[in-house]
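Just so we're on the same page: letters track the sequence lines, and every chain starts at 1.
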Amino acid sequence: MAEIDASVRVRYAPSPTGALHLGGARTALFNYLFARQKGGRFLLRIEDTDRSRFKPGSQASIEEGLQWLRMTWDEQPVVQSERKETYQQAAAVLLESGAAYRCFCTPARLEQMRAEQRARHEPERYDRRCRSIPKHESEARAAAGERFVVRQAMPIEGTTTFHDLVMGTVTFRNDTLDDHVLLKSDGFPTYHLAFAVDDHDMRISHVIRGDGWLPSAPKHLLLFQAFNWLPPAFAHLPLVLGPDKKPLAKRHGAKDVLEYREAGYLPEAVDNFIAFLGWSPGTEQDIFTLDELIKAFDLSKIQASPAIANLERLDWLNGQFIRRLNPEELASRLAPRMPEAAAEALKPLVPLVQERLRTLNEGPDMLRFFFEEPVLSKPEQLIPKGRDAAAASSALRMAVSTLSALPDWTPEAIDPALRGLAEKLGWPSRDLFMTLRVAITGRTVTPPLIESMSRLEKERSLTRLESAASILDSKAA
RNA sequence: GGCCCGUUCGUCUAGCUGGUCCAGGACGCUGCCCUCUCAAGGCAGAAAUCAGCGGUUCGAAUCCGCUACGGGCUACCA
């Protein structure tokens with residue numbers, strides 16, 4: 001399908017300002033899938049040049065999210081704040097060649113300039129006042145300690161065109177490009193400079209990133225040209241919107257993928273889900289393992305329009321993946337959520353719930369009655385419609401005597417015995433089963449009754465039936 | 001305002017080189033079957049005048065243009 005290209009090197013480059021949310025995870029996943037398919041490398045880069053937005057712990061949390069989703073990166077993550085000198089040297093190169101210049105304008109002047117532009121309904125852009133400062137003067141002022149930033153000198157005319165792997169051919173008029181800042185007065189680079197320098201140093205072959213970057217792509221291309229470097233290929237991903245149609249990344253409290261782990265989702269389901277946000281293999285298969293995704297992935301099949309995350313589909317997918325797990329595996333994933341249950345005790349119970357779980361978190365609720373005595377908070381649930389407490393109580397007692405006479409405690413023995421009892425009582429078997437179900441589990445929605453009883457042990461089952469009968473008696477009295 | 005990008009069932013989408021699409025699949029929804037509850041599973045169904053308008057063509061969801069709407073960017077943020 002896809003030919004191996006070991007020169008493929010891609011990266012996911014989050015800034016450590018928060019958690020890994022679904023949109024970010026998808027960007028990472030597309031990079032990951034592409035790299036693995038081509039036999040290339042998937043790298044990580046931490047874009048922490050903005051000290052004011054830095055959040056301690058964010059990097060660790062993002063890495064944990066990636067690992068949970070089974071995305072492993074290949075080399076030591078590159079951390080931009082550790083490369084300050086490299087960027088400064090790069091800026092010096094551009095200063096020397098004239099592709100960039102020092103700007104001594106103060107923030108106050110820039111603000112005033114923009115206000116005037118606004119008033120005149122002009123585009124708000126740097127007016128390039130410092131671009132004409134002679135080099136020797138610029139150098140002298142810098143040497144004298146005057147604060148400055150370094151700006152990229154954009155071409156005044158012409159157009160910049162590039163072919164985007166997702167968006168197609170995109171053309172920008174150069175006279176609309178701003179002489180943006182490359183190096184801040186604190187000596188840190190802006191995204192643009194760091195991006196070009198790092199992607200070059202890391203030998204990145206394909207830049208797969210959110211389409212928020214599309215408008216600055218021509219600047220980035222021009223930067224590569226200014227350095228005389230071969231630019232990478234670009235693929236801009238449409239964003240992922242929440243159910244409210246607001247970009248996920250911007251929504252207040254965008255969900256950390258680790259919250260999906262807490263909520264009982266399987267990483268393979270989440271991977272499958274986010275892969276289909278804006279991408280489709282073009283076939284009718286909709287359940288993919290990570291390996292299958294790697295094989296099927298195709299950048300050119302990515303949709304150019306934004307996708308809304310349909311969380312109901314995630315629920316369904318999760319159920320599909322839970323059903324595909326082998327029972328031992330499911331047991332081990334359930335175990336951490338059920339500290340009260342011994343791992344060995346859990347295993348035989350898993351087949352009872354595997355078909356009915358949508359999330360791992362539903363397991364404890366469904367299986368709780370095996371590990372603790374049920375509380376009959378609604379004893380009226382023991383009584384079938386149209387009957388009374390006395391009838392239900394006596395049905396329970398008859399069930400006790402019928403069942404206690406059984407030589408074997410197996411579903412094969414319990415089932416016919418109870419059906420026989422229902423017939424004898426003149427009850428529909430569903431009514432009898434519901435009465436017993438509530439007595440045994442305390443709930444109306446449970447795993448199959450017969451199987452549950454057989455695994456509960458005979459004594460415990462009979463005791464619960466007995467005590468349910470007593471509750472009914474005291475209620476009737 | 002300027003610059004870019006987008007627009008197929010409620011949602012994710014198939015549809016890429018025009019006819020086999022009066023538009024296919026999936027989630028969700030409705031009904032039926034199965035059934036000890038709930039699920040799962042099976043079957044059936046409702047659901048998109050392919051944003052609108054013009055053009056090219058024998059023929060357009062598919063090509064072109066315009067308009068509308070949506071979105072992104074427009075910081076010494078990333």
Side-chain angles (χ1 to χ4, degrees), chain A residues 13-17 47-50 52-53 80 103 105 107 110-111 114 117-118 120-125 147-151 164 166-168 170-173 176-178 180-186 188-192 194-195 209-218 236 238-239 241 243 245-247 249 273 276-287 300-301 303-317 319-320 323 353-358 362 366 415 418-419 422 428-434 436-438 441 443-451:
Chain A
S15 42
T17 55
E47 311 216 320
D48 59 348
T49 55
D50 182 358
S52 64
R53 297 204 310 158
Q80 292 187 328
C103 170
C105 294
L110 293 175
E111 186 37 55
R114 276 191 285 264
Q117 288 169 337
R118 263 195 301 278
R120 276 180 271 131
H121 298 291
E122 286 172 11
E124 293 175 37
R125 250 179 283 151
R147 277 177 83 84
F148 65 88
V149 301
V150 174
R151 289 183 183 272
D164 186 274
V166 172
M167 298 297 172
V170 187
T171 300
F172 290 82
R173 277 172 37 208
T176 65
L177 301 178
D178 197 2
H180 61 198
V181 173
L182 294 176
L183 200 66
K184 301 180 242 180
S185 57
D186 64 5
F188 278 87
T190 60
Y191 171 82
H192 310 288
F195 157 86
R209 71 220 301 194
D211 82 354
W213 296 113
L214 191 54
S216 39
H236 288 95
L239 12 74
L241 310 179
K245 301 196 177 178
K246 289 279 184 294
F273 177 67
F276 273 71
L277 256 26
W279 172 81
S280 154
T283 64
E284 289 185 355
Q285 180 181 351
D286 38 29
I287 308 292
S300 72
K301 282 185 187 287
Q303 201 85 11
S305 56
I308 297 174
N310 178 190
L311 275 340
E312 284 171 337
R313 192 161 197 285
L314 208 211
D315 284 342
W316 173 77
L317 271 172
Q320 294 295 318
R323 257 152 255 139
V353 295
Q354 184 153 19
E355 290 287 289
R356 35 206 118 226
L357 294 180
R358 282 175 95 76
E362 293 166 355
M366 276 186 204
D415 189 275
L418 290 181
R419 288 180 196 280
S429 51
R430 50 190 300 130
D431 284 356
L432 210 219
F433 282 133
M434 184 51 82
L436 300 182
R437 176 189 317 284
V438 174
T441 68
R443 305 172 41 144
T444 56
V445 175
T446 74
L449 211 222
I450 310 289
E451 279 76 12

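Within a 6.0 Å radius of CZ in A:Arg323, more than 12 heavy atoms belonging to other residues, nucleotides or ligands are found.
Residues passing the ring pair (Phe, Tyr, Trp, His ring centres under 6.0 Å) test with A:Phe276, sequence neighbours excluded: A:Trp279, A:Phe288. Residues passing the salt bridge (charged side-chain N to carboxylate O under 4.0 Å, His left out) test with A:Glu362: none are found, sequence neighbours excluded.
A 3.5 Å limit on both hydrogen-bonding distances identifies no Watson-Crick or G-U partner for B:A61. With a cut-off of 3.5 Å on both pairing distances, B:U56 has no Watson-Crick or G-U wobble partner at all. Remark: B:G45 base-pairs with B:C29; criterion is Watson-Crick or G-U wobble with both hydrogen-bond distances under 3.5 Å. B:C69 and B:G6 make up a base pair, with Watson-Crick or G-U wobble contacts both under 3.5 Å. The pairing partner recorded for B:G1 is B:U74, the criterion being a Watson-Crick or G-U wobble arrangement whose two distances lie under 3.5 angstrom. In this entry B:A14 has no Watson-Crick or G-U wobble partner, no candidate having both defining distances under 3.5 Å.
Put simply, the side chain of A:Leu239 reaches to within 4.5 Å of the side chain of A:Asp211, judged on heavy atoms. Counting only heavy atoms from C-beta outward, the side chains of A:Asp50 and A:Phe188 never approach each other to under 4.5 Å. Looking at A:Arg118 and A:Arg114, their side chains come closer than 4.5 Å, going by heavy atoms from C-beta outward. Taking 4.5 Å as the limit, every side-chain heavy atom of A:Leu183 sits out of range of all side-chain heavy atoms of A:Phe148. The shortest distance between side-chain heavy atoms of A:Leu177 and A:Pro218 falls below 4.5 Å.
Rounded to an integer number of Å, the gap from A:Leu183 CG to B:A75 P is 18 Å. As rounded to whole Å, 12 Å separates atom C1' of B:U74 from atom CZ of A:Arg118. Look at CZ on A:Phe188: it is 14 Å from C1' on B:C77, rounded to the nearest Å. Distance CG (A:Asp286) to C1' (B:G28): 14 Å, rounded to an integer number of Å. Nucleotide B:U37 holds its C1' atom 14 Å from the CG atom of A:Leu432, rounded to whole Å. One can place CG of A:Leu311 at 13 Å from P of B:G28, the figure rounded to the nearest angstrom. A straight line from NE2 of A:His121 to C1' of B:G1 spans 8 Å, rounded to a whole angstrom. Per the geometry, CD1 belonging to A:Ile450 stands 12 Å off C1' belonging to B:U37, to the nearest Å.
Checked by atom type and distance alone, the side chain of A:Thr190 pairs as donor or acceptor with a backbone atom of A:Val181 at under 3.5 Å. With hydrogens and angles disregarded, no donor-acceptor distance shorter than 3.5 Å links the side chain of A:Glu47 to the backbone of A:Tyr191. Without hydrogens or angle criteria, A:Ser15 side chain to A:Thr17 main chain gives no donor-acceptor distance under 3.5 Å.
When the P atom is used for both B:C33 and B:A39, the distance is 16 Å, rounded to whole Å. Distance check on atom C1': B:A51 versus B:A46 gives 23 Å, rounded to whole Å. B:C58 sits 25 Å from B:G52 when the C1' atoms are compared, rounded to a whole Å. Taking atom C1' in both B:A26 and B:U67, the straight-line distance is 34 Å, to the nearest Å.
In this structure, A:Thr446 reaches the bases: a heavy-atom distance under 4.0 Å links it to at least one base atom across the strands shown. Contacts of A:Pro447 with the nucleic acid, taken as non-hydrogen atoms under 4.0 Å apart, include base atoms.
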Restricting to nitrogen or oxygen on both sides, can you table the protein-nucleotides 50-52 of chain B pairs closer than 3.5 Å?
none

Might you list the N or O atoms of the protein lying below 3.5 Å from N or O atoms in nucleotides 13-19 of chain B, with each pair's distance?
unit_1 : atom_1 : unit_2   : atom_2 : d
B:U13  : OP1    : A:Gly278 : N      : 2.3
B:A14  : OP2    : A:Gln303 : OE1    : 2.9

Under-3.5 Å N/O pairs linking protein and nucleotides 40-43 of chain B:
unit_1 : atom_1 : unit_2   : atom_2 : d
B:A40  : OP1    : A:Arg358 : NH1    : 3.3
B:A40  : O4'    : A:Glu355 : O      : 3.2
B:A40  : O2'    : A:Glu355 : OE1    : 2.7
B:G41  : OP1    : A:Gln320 : NE2    : 3.2

Please tabulate the protein-to-nucleotide N/O contacts below 3.5 Å involving nucleotides 2-4 of chain B, giving atom names and distances.
none

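Taking side-chain N and O atoms only, A:Thr49 has a distance below 4.0 Å to OP1 or OP2 of B:A78. For B:U35, the OP1/OP2 oxygens have no side-chain nitrogen or oxygen of A:Arg430 closer than 4.0 Å.
Where A:Glu122 and A:Arg53 meet RNA chain B, the nucleotide closest to each residue was compared, and A:Glu122 sits on the side nearer the 5' end. Nearest-nucleotide positions on RNA chain B place A:Glu451 closer to the 5' end than the other of A:Glu451 and A:Ala13.
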Are A:Trp213 and A:Phe195 close enough, and set up right, to give a ring-ring contact (aromatic ring centres under 6.0 Å, His included), and what steps lead you there?
-> CA-CA 11 Å; A:Trp213 296 113; A:Phe195 157 86; 7.7 Å; no

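Separation of atoms OG1 (A:Thr446) and CZ (A:Arg356) is listed at 8.0 Å; rounding is to 0.5 Å. With values rounded to the nearest 0.5 angstrom, A:His236 atom NE2 is found 6.0 Å from A:Asp164 atom CG. The structure places SG of A:Cys103 at 6.0 Å from CG of A:Leu110, a figure rounded to the nearest 0.5 Å.
Under 3.5 Å, the side chain of A:Arg313 and the base of B:C12 form no donor-acceptor pair of N or O atoms.
Across B:C76, B:C27, B:C36, the shortest atom-to-atom separation from the side chain of A:Arg151 is found for B:C76.
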